Amino acid sequence: MSFKDLKKNSTSMASKLQEELEKSNKSNDYKDDRFWRPTLDSASNGYAVIRFLPAVEGEDIPWVKLYSHAFKGKGGWFIHNCPTTLGEKCPVCEANSELWNSGTESDKRIARDRKRKLNYVSNIMVVEDPAAPQNKGKVFLFKYGKKIFEKIQEQMNPEFDDETAVNPFDFWKGANFKLKIRKVEGYVNYDKSEFSAASELFDGDDAKLEALWKKQYSLKEFVNPKEFKSYAELKTKLVDALGGDLRSSGGNEETVEDEPVVRSSRKPLPKTDPDEDVDVESYLKALGDE
């Protein structure tokens, strides 16, 4: 670029740099305001009512299923999407298989610490949020784990013949979900959560329902291949995080019912139900705020 072009393009260049600056800032901010998170009291209890929403235009399924890895080794954190989400090979999963098949308990423990974590993402509308009433009626993304997804499956495929199947994601024949969070044996537990009886949202007012539907978020971005690093990149980052020692137990200090409770020298990750994922994003944001 010549000096003449530099002067000519100074305004557009400033705009371009501002865009890049915003991207950089966004990459360091682990809190995505599109996501709703329940508020817990000092006893780690919480309550809210939400409504799972149908798929947006151009998408057929109202949830995406995601796998990820989050653990700390001698060389630092490894927090990345797992390519098995897309049906691709993952160096962490392969290393875990080798450790597990070694037959030694120490290797199995390490594999458990590094195993992939399962989450789902859906659109929801907040019906009640006593701890944050400003959220009432708003559309959010909601990340949840195996326990809550099982409750969705139970609604759609009831166990007994006298129970009616309900699609919780339906505007007209769906049902509100009462999220009840308790602390059981030191862990956040969702077992008391349940669906209400089937009901029309907004009493079936199509105009209100369509307006709500148009506020929902696309879920495609979460399974976009661009959001997943290549096998080679992940392998390099894995080796770096483990300090070159694939059998290092790193920063993980304990497991409960085969699920790791990841520890840090600065602040522990929040304890969750053994089948649920920890909120790593919020944890990292908290570290950045210190």
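Quick caveat: nothing in here was measured; it's all calculated off a predicted structure.
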**Message:** Strictly distance-based, threshold 3.5 Å: is any side-chain N or O of D205 a donor or acceptor partner for the main-chain N or O of K208?
**Reply:** yes
**Prompt:** Short question: side chain of T85, backbone of N81 - any donor-acceptor pair under 3.5 Å?
**Reply:** no
**Message:** So does P62 get a backbone contact from the side chain of S122, meaning a donor-acceptor N/O pair under 3.5 Å?
**Reply:** yes
**Request:** Using the six-membered ring of Y231, assess whether NZ or CZ of K89 lies under 6.0 Å from its centre and within 45 degrees of the ring axis.
**Result:** yes
**Residue D161 excluded, over 12 heavy atoms near CG under 6.0 Å** = no
**Prompt:** Considering all heavy atoms of both residues, which atom of L141 and which atom of L219 are nearest to each other, and what is their separation?
**Reply:** CD2-CD2, 3.7 Å
**Message:** Can you classify the ring geometry of F195 versus F52 as parallel (below 30°), tilted (30 to 60°) or perpendicular (above 60°)?
**Reply:** tilted
**Asked** For D203, does the CG atom sit with more than 12 other heavy atoms under 6.0 Å from it, leaving out its own atoms?
**Response** no
**Sub-4.5 Å side-chain heavy-atom contact between L234 and P83** = yes
**Asked** If you round to the nearest 0.5 Å, how far is CZ of R182 from CG of N45?
**Response** 8.5 Å
**Message:** Whether the side chain of S44 engages the backbone of V188 through a donor-acceptor N/O pair (distance < 3.5 Å, no angle test) should be reported.
**Reply:** no
**Message:** For the aromatic rings, using the six-membered ring if either is Trp, is the centroid distance between W213 and F171 under 6.0 Å?
**Reply:** no
**Item:** Candidate pair I181 and N189, rule side-chain contact (heavy atoms from CB on, under 4.5 Å), full reasoning
**Value:** CA-CA 6 Å; I181 305 171; N189 182 282; over 6 Å; no
**Asked** Rounded to the nearest 0.5 Å, how far apart are NZ of K108 and CG of N96?
**Response** 13.5 Å
Show which side-chain atoms of residues 151-158 pair as donor or acceptor with protein atoms under 3.5 Å away, not counting sequence neighbours.
| unit_1 | atom_1 | unit_2 | atom_2 | d |
| --- | --- | --- | --- | --- |
| K151 | NZ | D191 | O | 3.1 |
| K151 | NZ | S193 | O | 3.1 |

**Asked** Is there a side-chain contact between L242 and R114, using heavy atoms and a 4.5 Å cut-off?
**Response** yes
**Asked** Passes salt bridge (Lys or Arg N to Asp or Glu O under 4.0 Å), K180 versus E194? Steps please.
**Response** CA-CA 8 Å; K180 301 177 181 180; E194 60 184 349; 3.0 Å; yes
**Fill in**
NZ (K146) and NZ (K117) are apart, to the nearest 0.5 Å, by 14.5 Å
**Item:** salt bridge (Lys or Arg N to Asp or Glu O under 4.0 Å) between K235 and E94, intermediate numbers included
**Value:** CA-CA 10 Å; K235 186 65 175 290; E94 290 180 348; over 6 Å; no
**Interatomic distance, L179 atom CG to D129 atom CG [nearest 0.5 angstrom]** = 9.5 Å
**Asked** When you check the side-chain N and O atoms of E233 and S230, is any donor under 3.5 Å from an acceptor?
**Response** yes
**Request:** Compute the centroid of each ring, for W63 and then for Y144, and state whether the two points are separated by less than 6.0 Å.
**Result:** no
**Message:** Between D240 and F78, is there a side-chain heavy-atom distance shorter than 4.5 Å?
**Reply:** no
**Asked** How far does CD1 of I124 sit from NZ of K138, to the nearest 0.5 angstrom?
**Response** 12.5 Å
**Item:** Donor-acceptor contact present, side-chain R116 to main-chain T84, <3.5 Å
**Value:** no
**Item:** Any side-chain heavy-atom pair of Y47 and E128 under 4.5 Å
**Value:** yes
**CG on L66 to CZ on F228, rounded to 0.5 Å** = 6.0 Å
**Request:** Flag yes if W172 and V127 sit in one hydrophobic cluster, no otherwise; membership is Ile, Leu, Val, Met, Phe, Trp, Tyr, and two members link when side-chain heavy atoms are under 4.5 Å apart.
**Result:** yes
**Request:** Take V166 and K173 through the side-chain contact (heavy atoms from CB on, under 4.5 Å) test and state the conclusion after the steps.
**Result:** CA-CA 7 Å; V166 174; K173 300 177 182 179; over 6 Å; no
